[in-house]
Amino acid sequence: MVKRVIVITGTPCVGKTTIARLLAHKINASYINLTELAVKEGIILGVDEKRGSMIVDEEKMKKRIKEIVESATEENIVVDGHYAQHVVPDEITMHVLVLRRDPEELQKLMIKAGYSGNKLWENLAAEILDVCLVEALHAYSKDKICELNVTSRSPEDVVNEILEVIKGSRKCSIGIVDWLGKLEMEGKLEEYLKI
Ligand SMILES: Nc1ncnc2c1ncn2[C@@H]1O[C@H](COP(=O)(O)OP(=O)(O)O)[C@@H](O)[C@H]1O
Ligand SMILES: [Mg+2]
């Protein structure tokens with residue numbers, strides 16, 4: 001059976017898990033959450049004390065992802081994680097959805113999720129500077145990558161758009177947001193890029 005891997009990436013709190021779970025449910029797909037997998041199977045090299053985050057063993061994770069995809073009974077596999085582009089190889093990937101959210105809205109969701117201080121500003125800067133998109137462009141052929149602006153949208157609405165992309169009835173595009181330009185125009189760039 002040919003497997004279809006769909007990668008959902010984006011800055012923490014952008015809405016990946018909400019979207020990926022709903023999508024997996026709608027298309028009867030296996031769902032892999034990279035953070036949960038790393039913790040459950042101990043695929044970690046250590047802890048980044050400064051950031052308060054895990055350092056994932058990317059080589060081991062790559063192998064494990066391939067194994068899981070090969071042995072999956074479902075045709076579709078949704079992989080959810082902000083570093084998916086480092087561990088899900090191009091050759092097994094069909095679609096890469098990079099979720100984007102307006103930094104001001106993202107900041108509110110991050111605060112709600114308990115982010116503060118450096119970790120908050122670092123992750124907001126990553127969103128403003130298109131880090132996940134740039135990484136995805138390094139890892140995958142461009143025609144697989146689809147950037148979706150999820151700002152102020154319901155998960156259902158976003159998932160419906162992803163379903164159209166999978167069906168081939170909607171063309172993907174990249175370069176659809178310009179948070180840097182938007183914040184600069186509003187005179188808020190310095191407030192946001194203060195790391
Ligand atoms: N479309 C949405 N609209 C409003 N809030 C959302 C939306 N999607 C997710 N959220 C909320 O944002 C927070 C982060 O979502 P989550 O899916 O966990 O993001 P991620 O997996 O990217 O870190 C959660 O509190 C979630 O309920
Ligand atoms: Mg998540």
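Both counts, for ligands and for their atoms, begin at 1 and track the order of listing. Heavy-atom basis, side chains included; hydrogens, waters and symmetry copies ignored. All residue numbers in this chain count up from 1 along the given sequence.
Comment: Glu91 engages Lys66 in a salt bridge, judged by a side-chain N to carboxylate O separation of less than 4.0 angstrom. Under the 4.0 Å criterion applied to side-chain N and carboxylate O atoms, Glu186 and Lys182 are assigned as salt-bridge partners. Comment: Glu161 engages Arg170 in a salt bridge, judged by a side-chain N to carboxylate O separation of less than 4.0 angstrom. Salt-bridge formation is detected for the pair Lys188/Glu104: a Lys NZ or Arg NE/NH1/NH2 atom is positioned less than 4.0 Å from an Asp or Glu carboxylate oxygen. Note on Arg153 versus Asp157: salt bridge recorded, some NZ/NE/NH1/NH2 to OD/OE distance being below 4.0 Å.
For the pairing with Thr9, the side-chain hydrogen bond (donor to acceptor under 3.5 Å, both in side chains) check across His86, His82, Gln85 returns one residue only, Gln85. Considering Lys142, Arg101, Arg100 as possible partners of Glu147, the one that fulfils the salt bridge (Lys or Arg N to Asp or Glu O under 4.0 Å) test is Arg100.
Here Ile55 is tied into one hydrophobic group with Leu45, each link being a pair of ILVMFWY side chains closer than 4.5 Å.
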One line per pair, note the atom names and distance for all nitrogen or oxygen contacts under 3.5 Å between ligand 1 and the protein.
unit_1	atom_1	unit_2	atom_2	d
ligand 1	1 (N)	Arg153	O	2.8
ligand 1	17 (O)	Thr17	N	3.4
ligand 1	17 (O)	Thr18	N	2.9
ligand 1	17 (O)	Thr18	OG1	2.5
ligand 1	19 (O)	Gly15	N	3.2
ligand 1	21 (O)	Thr17	N	2.9
ligand 1	21 (O)	Thr17	OG1	2.8
ligand 1	22 (O)	Cys13	N	3.4
ligand 1	22 (O)	Val14	N	3.3
ligand 1	22 (O)	Gly15	N	3.0
ligand 1	22 (O)	Lys16	N	2.8
ligand 1	22 (O)	Lys16	NZ	2.8
ligand 1	23 (O)	Cys13	N	2.8

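Partners of Asp143 by salt bridge (charged side-chain N to carboxylate O under 4.0 Å, His left out), not counting sequence neighbours: none found.
Less than 2.8 Å away from the Mg ion (ligand 2), the protein contributes these N/O/S atoms: Thr17 OG1.
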